[in-house]
Amino acid sequence: MILIKLGGSIITNKEKPLSARRKTIDNLAKSLKKIQEPIVIVHGGGSYGHYWSVKYDMHTKERKYDLRGVAIVKNSMIELNKIILDSFLKNKLNPYCLPPTDFMTGNKPITKKVKEIERIAKSGLIPVTFGDALWYGQNKTFILSGDKIMTYLAKILKPKLCIFALNEDGVYSDLKSKKLIHELKGERPSISENKMDVTGGMTRKIEEASKISKMGMNVFFVNGNKPERIVKAVKNRKFEGTMFRGK
Ligand code: IP8
């Protein structure tokens with residue numbers, strides 16, 4: 001099984017609120033069609049979920065956030081999710097929409113439900129889940145990042161490969177020269193922070209990728225604008241991006 005995160009920066013235009021990059025999403029779907037093994041998709045919030053989370057000052061900490069914000073963030077994620085599902089359907093994939101409420105209780109994954117995701121993927125359907133605003137309990141809510149979902153799913157499902165599709169070639173050792181790091185073995189590179197992202201942008205991704213690779217799985221950061229690189233990584237094990245080697 002292959003676990004793939006479609007980052008918000010690749011599926012939406014982060015400069016413009018509520019704008020999906022439909023052509024890019026279609027191209028990603030076309031490439032995913034070429035993968036012959038079970039896949040599970042997680043997608044981020046980009047200029048949908050993050051736009052509203054910033055407006056309503058909502059974060060990953062469990063708190064009593066404005067309920068209007070909770071409702072609006074959730075609604076915007078459904079809207080973005082629908083765009084992804086429609087694109088998958090149009091490109092002859094069979095997506096199976098799974099909001100995180102289907103396998104999370106509070107801030108914990110429900111193991112039995114997560115294991116079911118693997119069976120769904122093995123049937124040929126493609127489970128599609130996403131970062132979201134979630135109920136925590138005692139009138140508290142929180143923003144669950146799709147990156148965190150990747151770690152939860154990886155821990156239980158032990159995919160052959162975890163892929164993060166980004167709007168960059170991978171992790172750069174130097175942001176100015178964009179010198180790509182091809183492989184990381186446990187060490188964590190320091191990078192500058194993205195302020196518009198309530199869940200922590202690239203820093204969060206690197207943190208989750210390190211956690212997953214420490215559990216023994218390979219994690220691959222790839223440019224989602226070049227979706228054939230995803231297919232190559234899955235099929236030929238040729239990696240044009242940054243590989244976090246599992247230990
Ligand atoms: O973009 C967060 O998911 P992420 C989604 O994967 C929301 O961090 C609702 C902001």
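Read the numbers this way: they start at 1 and go in the same order the structure lists the ligands and their atoms. In this text, all values refer to a predicted model and were calculated from it rather than measured experimentally. In this chain, residues are counted from 1 in sequence order.
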**Asked** Looking only at heavy atoms, which two atoms of L157 and V114 are closest? And how far apart?
**Response**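 That would be CD2-O, 3.5 Å.
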**Prompt:** What's the shortest heavy-atom distance between E62 and K140, and which atoms?
**Reply:**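 It is O-CD, 3.9 Å.
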Looking at [Y] and [X], is any side-chain nitrogen of the basic one under 4.0 Å from a carboxylate oxygen of the acidic one?
X	Y	result
E208	K211	yes
K74	D132	yes
E37	K160	yes

With heavy-atom distances below 4.0 Å as the criterion, list the atoms of ligand 1 near [X].
X	result
V73	9 (C)
S145	3 (O), 4 (P), 6 (O), 8 (O)
G44	1 (O), 4 (P), 6 (O)
D147	6 (O)
G131	3 (O), 5 (C)

Backbone or side-chain N or O of [X] under 3.5 Å from ligand 1 N or O:
X	value
H50	yes
S53	no
G49	no
G146	yes
H43	no

**Message:** Below 30° counts as parallel, above 60° as perpendicular, anything between as tilted: where do the rings of Y136 and F142 land?
**Reply:**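 Answer is perpendicular, since the angle exceeds 60°.
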**Prompt:** Given side chains that start at C-beta, do those of N225 and I10 come closer than 4.5 Å, heavy atoms only?
**Reply:**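 N225 vs I10: side chains touch.
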**Asked** Less than 4.5 Å apart, any side-chain heavy atom of R245 and any of E183?
**Response**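 Yes, at least one pair of side-chain atoms sits under 4.5 Å.
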**Prompt:** Who's the nearest protein heavy-atom neighbour of atom 7 (C) of ligand 1, and how far?
**Reply:**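 Here the nearest protein heavy atom works out to I143 CG2, 3.8 Å.
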**Request:** Starting from atom 8 (O) of ligand 1, find the nearest protein heavy-atom neighbour and note its residue, name and distance.
**Result:**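 Result for atom 8 (O) of ligand 1: T199 OG1, 2.5 Å.
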**Asked** With a 4.0 Å cut-off on heavy atoms, does K5 reach ligand 1?
**Response**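 A heavy atom of K5 does come that close to ligand 1.
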**Prompt:** Only one of F220, F239, F221 clears ring-ring contact (aromatic ring centres under 6.0 Å, His included) with F244; which?
**Reply:**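 Single ring-ring contact (aromatic ring centres under 6.0 Å, His included) partner of F244 among F220, F239, F221: F221.
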